[in-house]
Amino acid sequence: MTLRDALRQGSAFLSEKGPSASETPALDASLLLASALGITRDKLLASAPDPIIEADLRKFEDLLGQRAAGAPVAYLLGGKEFWGHDFHVDRRVLIPRPDTELLVELAFAFGDELAHRSGRPALRVHEACTGSGCVAISLAMERPGWLVSASDLSEDALEVAAVNARLLLGDRAAALALSKSDLLAGPLGSAGCFDLILANPPYVGSAEALGLSAAWGEPLMALDGGPDGLGPYRRLIPQASAILGPGGCLLLEADPSQAAELRDILASVGLLAVETRADLAGLARVTLGRKPWTN
Ligand code: GLN
């Protein structure tokens with residue numbers, strides 16, 4: 001049997017199971033076969049006429065079986081690309097979503113403007129609910145002058161974030177302070193000490209979160225935002241406002257259906273220039289507010 005035959009059979013196997021197993025059977029089969037062989041997908045496609053050895057075929061079949069049973073490709077591969085970087089992921093953390101790249105993009109835009117206006121290039125940036133660390137690490141990679149820290153309530157998630165910091169930041173990993181914190185409670189910093197605060201907190205309503213977590217195996221605590229999904233924001237927004245400095249910016253990912261209420265909460269704590277920005281799919285994804293420059 002050639003690699004091409006194995007790929008065709010794998011893709012057909014996932015197709016037969018229907019969209020609940022995989023919406024992209026051919027892509028998933030190629031990613032899983034490349035992983036079973038320990039090569040890149042490009043290399044696999046270039047070697048399609050080569051024969052497959054029995055041990056690799058068994059590995060591939062095992063991965064296909066897990067995928068058909070609902071395991072996300074990212075967990076089976078142990079990695080996910082985010083903002084152009086390969087992050088390690090496993091069942092201890094939410095799988096990074098492309099939607100969340102908007103948080104990174106806006107952090108650069110607002111951060112650079114703030115650094116310019118304040119004349120302080122060493123911006124102090126904190127990400128709450130960091131999970132795999134994908135947002136904070138992407139920022140630290142591209143702005144080595146920023147003082148980036150990140151927190152999470154889950155010690156498991158902090159371990160994954162530390163792995164990613166070592167993988168992607170190398171010698172600079174120690175400069176990314178990681179700490180355990182329930183949203184922004186605890187000794188993260190003194191009043192007014194941050195220029196940017198970001199978060200992609202759990203924001204799915206409890207009932208739906210339970211179903212999603214059971215279906216994909218993602219941690220319930222990374223998804224469950226209480227009955228209406230807004231619970232974490234109601235606590236986090238006043239906390240963030242207290243520790244943002246003059247001109248500081250709070251950037252929050254949310255479900256598009258939550259954007260209007262989120263803007264109300266941001267305005268209610270006195271944040272200004274409150275607005276929501278759309279992601280690449282055109283969905284209202286990140287809502288932000290600024291601290292006044294003067295008190
Ligand atoms: N965007 C994720 C989803 O749609 C939810 C992420 C979160 O709760 N922070 O499943």
Side-chain angles (χ1 to χ4, degrees), residues 1-102 131-135 138 156-157 160 163-164 167-168 200 204 208-220 222-223 253 255 279-283 285:
M1 184 189 278
T2 64
L3 295 175
R4 180 180 292 115
D5 298 332
L7 210 46
R8 286 214 182 105
Q9 283 183 18
S11 174
F13 169 77
L14 290 177
S15 294
E16 276 163 26
K17 301 274 172 190
S20 61
S22 169
E23 287 179 0
T24 51
L27 175 65
D28 290 6
S30 63
L31 289 166
L32 296 178
L33 182 53
S35 168
L37 298 168
I39 59 176
T40 65
R41 188 167 161 268
D42 284 351
K43 177 91 197 307
L44 165 67
L45 299 178
S47 336
D50 295 353
I52 183 166
I53 63 166
E54 192 62 23
D56 289 341
L57 185 60
R58 294 286 156 266
K59 252 192 258 173
F60 180 44
E61 285 170 350
D62 174 57
L63 291 170
L64 285 170
Q66 294 187 58
R67 179 72 191 108
V73 172
Y75 288 154
L76 296 176
L77 303 183
K80 175 79 182 176
E81 188 189 312
F82 178 86
W83 198 256
H85 311 300
D86 288 323
F87 286 86
H88 167 78
V89 294
D90 59 38
R91 288 176 187 278
R92 292 175 290 178
V93 291
L94 189 85
I95 298 165
R97 313 281 204 261
D99 315 334
T100 305
E101 292 181 334
L102 179 62
S132 64
C134 63
V135 170
S138 296
D156 277 350
V160 176
V163 166
N164 281 319
L167 272 175
L168 293 161
N200 171 18
V204 180
E208 194 190 337
L210 209 54
L212 288 180
S213 171
W216 299 335
E218 290 187 297
L220 182 61
L223 293 165
E253 175 176 324
D255 186 82
D279 61 19
L280 285 177
L283 299 171
R285 183 61 66 189

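Please read these numbers as outputs of a predicted model, since none were measured by experiment. All residue numbers in this chain count up from 1 along the given sequence. Side chains are part of it too, since the values below use all heavy atoms of this structure and drop only hydrogens, waters and symmetry mates.
- Side chains of D5 and Q9: no donor on one and acceptor on the other come within 3.5 Å.
- When all heavy atoms of H85 and S138 are compared, the closest pair comes out as CD2-OG, 3.8 Å.
- The heavy-atom pair separating L77 from S35 by the smallest distance is CD2-CB, 3.4 Å.
- The shortest non-hydrogen separation linking L64 to G10 is CD1-CA, 3.6 Å.
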Task: Step-by-step side chain to side chain contact (heavy atoms under 4.5 Å, CB included) determination, V89 to V160 - done: CA-CA 7 Å; V89 294; V160 176; 5.7 Å; no
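- Contact detail for H88 and S132: the closest heavy-atom pair is O-CB, 4.4 Å.
- Taking OG from S213 and CZ from R91, the interatomic distance works out to 10.0 Å, rounded to the nearest 0.5 Å.
- With E218 as the fixed residue, the salt bridge (Lys or Arg N to Asp or Glu O under 4.0 Å) test singles out one of R92, K80, R97: R97.
- The side-chain heavy atoms of V73 and L27, taken from C-beta on, include no pair separated by under 4.5 Å.
- Shown here is K59, whose NZ atom has more than 12 heavy atoms of other residues, nucleotides or ligands within 6.0 Å.
- Between L7 and L45 the shortest side-chain heavy-atom distance falls below 4.5 Å.
- Salt bridge R41/E81: absent, no basic N to carboxylate O contact under 4.0 Å.
- Residues P72 and I95 share a closest heavy-atom pair of CB-CD1, 3.4 Å.
- The number of heavy-atom neighbours closer than 6.0 Å to CZ of R8, taken from other residues, nucleotides and ligands shown, is 12 or below.
- Of the inter-residue distances, the one linking S47 atom OG with I52 atom CD1 reads 11.0 Å to the nearest 0.5 angstrom.
- Here the closest non-hydrogen pair linking V204 and A209 is CG1-N, 3.6 Å.
- Distance check, rounded to the nearest 0.5 Å: CG of L3 to CD1 of I39 gives 6.5 Å.
- Taking CG from L37 and CG from L57, the interatomic distance works out to 9.5 Å, rounded to the nearest 0.5 Å.
- Separating the CG atom in L14 from the CG atom in D28 is a distance of 6.0 Å, to the nearest 0.5 Å.
- L102 CG to L280 CG: the interatomic distance, rounded to the nearest 0.5 Å, is 7.5 Å.
- The shortest side-chain heavy-atom distance between N200 and V135 does not fall under the 4.5 Å cut-off.
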